[in-house]
Amino acid sequence: MTPDSAAKPRIKVEPQSAHPGVVLVTLDRPEVLNALDYQTMGELTDALESLDTDESVRCIVITGAGDRAFAAGADIKEMAPATPVMLSVANNFARWERIRRVRVPLVAAVRGFALGGGCELAMACDMVVASDDAQFGQPEIKLGIMPGAGGTQRLTRALGKAKAMELILTGRNIGAAEALERGLVSQVVAREETLNAALALADEVAAMPPLAVRAAKESVNRAYELSLEAGLEFERRNFFMLFASDDQKEGMAAFVDKRKPTWKGR
Ligand code: CAA
């Protein structure tokens, strides 16, 4: 890596003054369809972790710069010379685990291609808003490899085994309409509306009581990891715990008083 390339940030982090509590994080390598090289993934992970400890941040929207891609995957040119030893020693893929632990809700605003690591990043977010021309896929098989950042697990949970197998074993993509129908994305909108729709969704989440939002996110994610019994128990504990918060008292009092609640995050 040259000193120049190291100096140029690969992501942009922009708090949205028009959307209180919402921060827009943009993958900023449009010339290579926002390919996720290690520097980008490092900056992205560091930024998400830092925003996650900032109480004023209530929801993060992740998008890709330019109009062609959210992200076209891991950076193939950077990854091409890798060996198993290099991948294991550098441990760059551990960053994906750090993204999974971010507590603030993440919304992916996907325009164009979300392929390979790009699809995996969209799936690592909590909600996906897609443009009507978005394409999702795990084309790694065409490179002689397979998905390595969650694709075999998250795509299978999202689409079911047969469809996930089809995409992963052929490298085919699916379009936005099919992604919506199958639950991979939560909204499909016109291309030029994608970012606004994602920010509007983030606004709605950001306006909710933050402790309840975090507990609910954590509980929904447990649905993928625990048995139904353990998941229900986890949910109930989080539910009970929220009754220790000021926001629960405020939310219920405001309902009874027929006024708007004011959340403290306490
Ligand atoms: N890595 C590095 N560079 C990439 C890239 C990637 N994943 N995807 C696109 N680019 C670069 C291209 O090399 C090209 O750069 P140059 O102009 O310097 O040649 C530029 O972005 C524009 O791309 P194309 O010219 O290829 O654009 P296109 O419209 O003809 O095709 C595309 C678009 C179908 C998305 C095609 O770029 C493509 O197939 N990209 C690779 C997709 C892929 O295989 N992703 C999986 C990567 S492996 C992975 O992600 C592993 C994992 O699980 C983490």
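All residue numbers refer to positions in the sequence shown, counting from 1. Whatever order the structure lists ligands and atoms in, that order sets their numbers, starting from 1.
- Looking at Lys142 against ligand 1, nothing comes within 4.0 Å, counting heavy atoms.
- For atom 8 (N) of ligand 1, the closest non-hydrogen atom of the protein is Ala72 CB, 3.5 Å.
- Atoms of ligand 1 lying under 4.0 Å from any heavy atom of Gly148, numbered from 1 in the order shown and given with element: 52 (C), 53 (O).
- Which parts of ligand 1 touch Pro147 is read off a 4.0 Å heavy-atom cut-off, strictly below it: atoms 53 (O).
- Ion pairing between a basic and an acidic side chain is recognised when a charged N comes within 4.0 Å of a carboxylate O; Arg58 and Glu204 show no such pairing.
- The pair Glu97-Arg100 meets the salt-bridge criterion, with a side-chain N (NZ, NE, NH1 or NH2) lying under 4.0 Å from an Asp/Glu carboxylate O.
- The pair Arg154-Glu120 fails the salt-bridge criterion, with no side-chain N (NZ, NE, NH1 or NH2) lying under 4.0 Å from an Asp/Glu carboxylate O.
- Of the heavy atoms in Ala35, only side-chain atoms (C-beta onward) come closer than 4.0 Å to ligand 1.
- Other residues, nucleotides and ligands contribute more than 12 heavy atoms inside 6.0 Å of the CD atom of Glu225.
- Residue Leu115 has at least one heavy-atom neighbour below 4.0 Å for each of these atoms of ligand 1: 35 (C).
- In summary, Lys77 and Asp37 do not engage in a salt bridge, as defined by a charged side-chain N under 4.0 Å from a carboxylate O.
- The presence of a protein heavy atom under 4.0 Å from atom 41 (C) of ligand 1 is confirmed.
- The pair Asp52-Arg103 meets the salt-bridge criterion, with a side-chain N (NZ, NE, NH1 or NH2) lying under 4.0 Å from an Asp/Glu carboxylate O.
- Residue Met79 approaches ligand 1 through these ligand atoms, each under 4.0 Å from one of its heavy atoms: 48 (S).
- If you check each of Glu78, Lys77, Gln138 against atom 19 (O) of ligand 1, the one with the closest non-hydrogen atom is Lys77.
- Applying the 4.0 Å criterion to heavy atoms of Phe93 picks out, from ligand 1, the atoms 54 (C).
- Distances from atom 53 (O) of ligand 1 to the heavy atoms of Glu120, Met41, Gln135 show the closest one on Glu120.
- Proximity of Pro139 to ligand 1 is established by a heavy-atom distance of less than 4.0 Å.
- Salt bridge absent: Arg111 and Asp133 never bring a charged side-chain N and a carboxylate O closer than 4.0 Å.
- Between Asp257 and Arg259, at least one side-chain N (NZ, or NE/NH1/NH2) sits under 4.0 Å from a carboxylate O, which counts as a salt bridge.
- In this structure, atom 14 (C) of ligand 1 is not in close contact with the protein, since no protein heavy atom lies within 4.0 Å of it.
- Put simply, the side chain of Arg68 does not reach to within 4.5 Å of the side chain of Pro30, judged on heavy atoms.
- Comparing Ile76, Leu121, Ile141, Leu33 by heavy-atom distance to atom 1 (N) of ligand 1, the nearest is Ile76.
- Few gaps surround CE on Met86; more than 12 heavy atoms of other groups in view lie less than 6.0 Å from it.
- Counting non-hydrogen atoms of neighbouring residues, nucleotides and ligands closer than 6.0 angstrom, the NZ atom of Lys249 exceeds 12 such neighbours.
- Comparing Arg68, Arg29, Met146, Glu140 against atom 31 (O) of ligand 1, the shortest heavy-atom distance belongs to Arg68.
- Protein heavy atoms are found less than 4.0 angstrom from atom 23 (O) of ligand 1.
- Using a 4.0 Å threshold on non-hydrogen atoms, atom 44 (O) of ligand 1 counts as touching the protein.
- In the displayed structure, Glu31 atom CD is contacted under 6.0 Å by more than 12 heavy atoms of other residues, nucleotides or ligands.
- Scanning Asp37, Leu143, Val32, Leu36 for the heavy atom closest to atom 3 (N) of ligand 1 points to Val32.
- The nearest protein heavy atom to atom 29 (O) of ligand 1 is closer than 4.0 Å.
- When distances from atom 38 (C) of ligand 1 to the protein are checked, no heavy atom turns up under 4.0 Å.
- Residues Asp67 and Arg191 form a side-chain contact, since some pair of their non-hydrogen atoms from C-beta on lies under 4.5 Å apart.
- A salt bridge links Arg237 with Glu233: at least one charged nitrogen is closer than 4.0 Å to a carboxylate oxygen.
- Below 4.0 Å from some heavy atom of Glu31 lie the following atoms of ligand 1, by number and element: 20 (C), 21 (O).
- Under the 4.0 angstrom criterion, atom 50 (O) of ligand 1 counts as having a protein heavy-atom contact.
- In terms of polar-atom proximity, Phe113 is not counted as a contact of ligand 1, lacking any N or O under 3.5 Å from an N or O of the ligand.
- For atom 7 (N) of ligand 1, the choice among Ala74, Ala80, Gly116 with the nearest heavy atom turns out to be Ala74.
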